[in-house]
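The next block holds one structure in the form of structure tokens; read it before the comments.
In what follows, every chain begins at residue 1, and chains take the letters A, B, ... in the order their sequences are listed.
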Number of protein chains: 2
Amino acid sequence: MAATIKDIAKYTGLSISTISKYLNGGNVLEANRKLIEEAIQTFDFKVNEMARGLRTNRTMTVGVLIPSLENIFFTSIVSNIESILLKEGYSTIVCDYKEDPQLEEKKLQFLFDKMVDGIVLMPLPDNDNLVKTVIARKTPLVLIDRLIHNVDCDVVLVDNLNASYNAVEQLIIRGHRRIGIIAGPQNIYTAQERLKGYIRVFEDYGLKIDPALIKHGDYQIESGHKLLLELMENEKPPTAVYVTNYEMTIGSIIAINENNIRIPDDLSFIGFDNQDLARIVKPALSIVVQPVQQIGETAAQVLLKRMSKDQRGFPLVTRLKTELLIRDSLKKVES
Amino acid sequence: MAATIKDIAKYTGLSISTISKYLNGGNVLEANRKLIEEAIQTFDFKVNEMARGLRTNRTMTVGVLIPSLENIFFTSIVSNIESILLKEGYSTIVCDYKEDPQLEEKKLQFLFDKMVDGIVLMPLPDNDNLVKTVIARKTPLVLIDRLIHNVDCDVVLVDNLNASYNAVEQLIIRGHRRIGIIAGPQNIYTAQERLKGYIRVFEDYGLKIDPALIKHGDYQIESGHKLLLELMENEKPPTAVYVTNYEMTIGSIIAINENNIRIPDDLSFIGFDNQDLARIVKPALSIVVQPVQQIGETAAQVLLKRMSKDQRGFPLVTRLKTELLIRDSLKKVES
DNA sequence: TTCGGTTCGCGAAACGTTTCGTTTTTTGTT
DNA sequence: AACAAAAAACGAAACGTTTCGCGAACCGAA
């Protein structure tokens with residue numbers, strides 16, 4: 001059905017190997033080049049990637065494995081990775097493991113069985129061994145968003161610690177001392193970092209932290225809602241709150257509005273991740289914006305580099321900066 | 001490096017073709033079967049899908065093409081499709097086309113170049129020709145969520161019309177007559193259907209529709225926010241509002257809370273898609289819930305059927321029912 | 001025991017490429 | 001015009017499977 005190299009050879013009167021050479025960027029007589037291109041046009045010839053892969057042991061396929069496909073932050077990154085890789089002719093197999101370590105392993109195995117040329121992984125914590133076995137298999141691997149300790153591996157991170165530091169610092173500068181934080185699950189790397197930033201800035205300013213103002217949620221809308229209310233029910237409620245992911249920011253906003261908490265008069269507020277929210281909510285929210293596009297692009301580029309056998313600079317740790325959008329949700333208080 | 005059929009043959013003393021037969025479910029002597037399985041174990045043998053594909057013209061890969069990877073409704077469906085297909089050994093290449101018709105065509109072409117065995121597509125409107133060309137190529141295709149007219153094709157839909165009908169009917173039953181709707185873009189199939197349901201139930205009850213209460217948004221948070229406020233600024237504001245997707249529901253909720261509109265006293269409210277929201281918002285929201293899991297599973301199953309050359313019942317139109325969760329956001333009024 | 005019918009196993013060709021060593025053509029120099 | 005060197009084209013083998021037609025082995029019935 002579909003045209004093969006043979007058809008092109010026949011049409012042009014050249015040999016199969018010459019066509020192959022052309023296809024792979026080799027030199028060919030000008031006249032022949034034109035002829036070949038003409039043939040490719042008329043037959044609408046496409047290289048059969050499977051035949052090629054059989055010879056070369058490359059599939060032109062990369063696997064992307066993320067914790068969940070139901071989280072916009074993750075899928076936006078995937079979207080960007082995919083765009084870049086597609087330009088280079090790679091297809092992207094996207095899998096999620098629904099935050100389940102067993103599934104993470106299974107899906108990773110699946111990707112190996114499919115002989116992907118490279119893998120982008122957003123790993124679970126406590127699964128160092130898994131990552132180690134991947135590395136042992138020599139398949140290029142780029143981690144994103146979450147760091148695994150004691151393992152040499154290319155990784156693209158966000159500087160979550162300083163993201164928090166800067167956000168909370170802005171609150172401190174404005175005189176706030178009782179600052180609540182709605183942090184993420186304790187075993188997740190990004191959540192740990194975001195909390196560390198909060199703690200460090202307090203230390204740097206020589207201020208004391210009230211443990212009652214630190215709340216751990218599960219990164220879902222519902223816990224944002226619940227924890228914000230818990231914070232406000234404190235006998236000495238915070239004058240400012242910093243929420244550390246998108247879903248919990250939505251939850252918090254809903255709680256705030258429901259309870260007629262006035263921003264920024266009753267409470268100064270800094271949220272996370274989504275510019276839309278910042279625009280909509282009145283008064284405009286201040287938020288920490290992650291460089292989603294850059295994360296995806298960087299991960300894709302590092303992976304491409306490794307897949308082309310370029311090992312320079314290994315392991316490459318890219319730490320991207322967040323942006324702090326200051327809007328109208330912050331107020332000065334006397335401290 | 002990796003073990004091949006040859007290694008298994010050597011180990012067992014059988015011929016390559018016998019091993020192949022076993023691998024493809026053929027009959028083999030009990031003793032040999034055990035021997036082969038033992039060999040496969042010890043070598044950790046995996047069929048080379050590329051070699052197999054070269055012979056059989058199958059890639060064991062399906063393409064899923066959706067408008068955007070940044071929409072939870074879409075990606076949840078993808079997640080479910082992927083789970084089912086993976087069980088059957090298929091990998092899923094997920095692409096999005098960022099709501100851009102040009103890109104839709106390009107990515108579809110890309111999937112063809114990758115010789116996927118099947119495609120799940122959530123198409124743009126006004127692109128009937130694209131779908132027709134896909135069908136002409138004989139690659140199994142399942143459409144989801146959006147119908148294309150004048151084209152015979154398997155499709156998995158949600159009964160959006162009756163979803164709206166039932167939702168709005170509940171409002172009418174409770175005495176509401178001025179019911180606002182925040183509908184989607186006019187050229188999107190699901191949006192049209194959801195609006196039709198609204199219109200039909202008014203007709204069936206012999207009520208008149210006030211065009212000022214019909215607002216068209218773009219399915220984004222921001223337009224939900226804006227349009228809800230527009231509705232309420234009407235000189236005769238609605239007593240109830242029905243919002244037709246997730247993002248706009250969030251936007252509306254934020255607007256409602258910001259403006260201290262009391263639900264259900266000032267306004268009865270029915271939203272769309274997300275159970276989380278229903279739980280969080282006080283009072284609990286009534287919402288239309290789409291059967292996301294079923295959509296994905298059904299699409300995957302129909303596609304599997306077609307990929308195994310089973311053409312029974314073509315074209316299969318599956319129309320799934322939504323669920324209407326009635327909670328505390330509805331109030332009776334005298335009409 | 002023999003024979004027909006099944007079941008199982010085998011060998012070889014084929015799928016569409018790439019690659020490598022060799023041959024042919026082109027180019028440049030004298 | 002002749003020759004060497006460089007460039008281009010060629011032919012064949014190989015990648016790891018499936019498939020198909022045959023032959024071998026086995027079974028039960030007569």
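- Under 4.0 angstrom from either OP1 or OP2 of C/dT18 there lies at least one side-chain N or O belonging to A/N24.
- Using a 4.0 Å cut-off, some side-chain N or O of A/S20 falls inside it from OP1 or OP2 of C/dT18.
- B/I19 has its CD1 atom 15 Å from the P atom of C/dC8, to the nearest Å.
- In this structure, B/R52 reaches the D/dT18 phosphate: one of its side-chain N or O atoms is under 4.0 Å from OP1 or OP2.
- Applying the 4.0 Å criterion to OP1 and OP2 of C/dC10, one finds that B/S15 has a side-chain N or O inside that range.
- The interatomic distance linking B/M115 (CE) with C/dC15 (P) rounds to 14 Å, in whole Å.
- Rounded to whole Å, atom C1' of D/dT19 lies 13 Å from atom CG of B/L54.
- Cation-pi geometry between B/R137 and B/F112 is met: the NZ or CZ atom falls under 6.0 Å from the ring centre, inside 45° of the normal.
- One interatomic measurement links the two molecules: NZ of B/K6 to C1' of C/dC10, which rounds to 16 Å at whole-angstrom precision.
- Backbone-only engagement by A/L29 is indicated by non-hydrogen atom pairs under 4.0 Å involving sugar-phosphate atoms exclusively.
- At the phosphate of D/dA7, neither OP1 nor OP2 sits under 4.0 Å from any side-chain N or O atom of A/N27.
- As judged by a 4.0 angstrom heavy-atom cut-off over every strand, A/T4 is placed among residues touching the sugar-phosphate backbone only.
- Counting non-hydrogen atoms under 4.0 angstrom, B/L14 reaches the backbone sugars and phosphates but no base.
- Proximity note for B/S17 (side chain, C-beta onward) versus C/dT17, D/dC10, C/dA12: the nearest is C/dA12.
- Put simply, the side chain of B/T18 reaches to within 4.5 Å of the side chain of B/V28, judged on heavy atoms.
- For A/T18, the listed nucleotide lying nearest its side chain is D/dA9; candidates were D/dA9, C/dT18, C/dG16.
- Here the closest non-hydrogen pair linking A/M50 and B/M115 is CE-CE, 3.4 Å.
- One can place CD1 of B/I5 at 14 Å from P of C/dG9, the figure rounded to the nearest angstrom.
- Between B/T56 and B/N32, the residue anchored nearer the 5' end of DNA chain C, judged by the nucleotide with its closest heavy atom, is B/N32.
- In this structure, B/Y22 reaches neither bases nor backbone, as no heavy-atom distance under 4.0 Å exists between it and the strands shown.
- Donor-acceptor pairing under 3.5 Å, judged by distance alone, is absent between the side chain of A/R55 and the base of C/dT17.
- Defined by atom type and a distance below 3.5 Å, a donor-acceptor pair is present between the side-chain atoms of B/E37 and B/Y22.
- In this structure, the CD1 atom of B/I36 is 11 Å from the C1' atom of C/dC8, given to the nearest Å.
- Considering only the side chain of A/I16, C/dT18 comes nearest among D/dC15, C/dG16, C/dT18.
- For A/K21, the listed nucleotide lying nearest its side chain is D/dA9; candidates were C/dG9, C/dT18, D/dA9.
- Judged by distance alone, the side chains of B/T190 and B/N160 never bring a donor and an acceptor atom under 3.5 Å apart.
- When rounded to the nearest whole Å, the span between CE of A/M60 and C1' of C/dT18 equals 15 Å.
- For C/dT17, neither phosphate oxygen OP1 nor OP2 lies less than 4.0 angstrom from any side-chain nitrogen or oxygen of A/N48.
- In this structure, A/E30 places its CD atom 11 Å from P of D/dA9, rounding to the nearest Å.
- Under 3.5 Å, the side chains of A/E38 and A/Y11 contain a donor-acceptor pair of N or O atoms.
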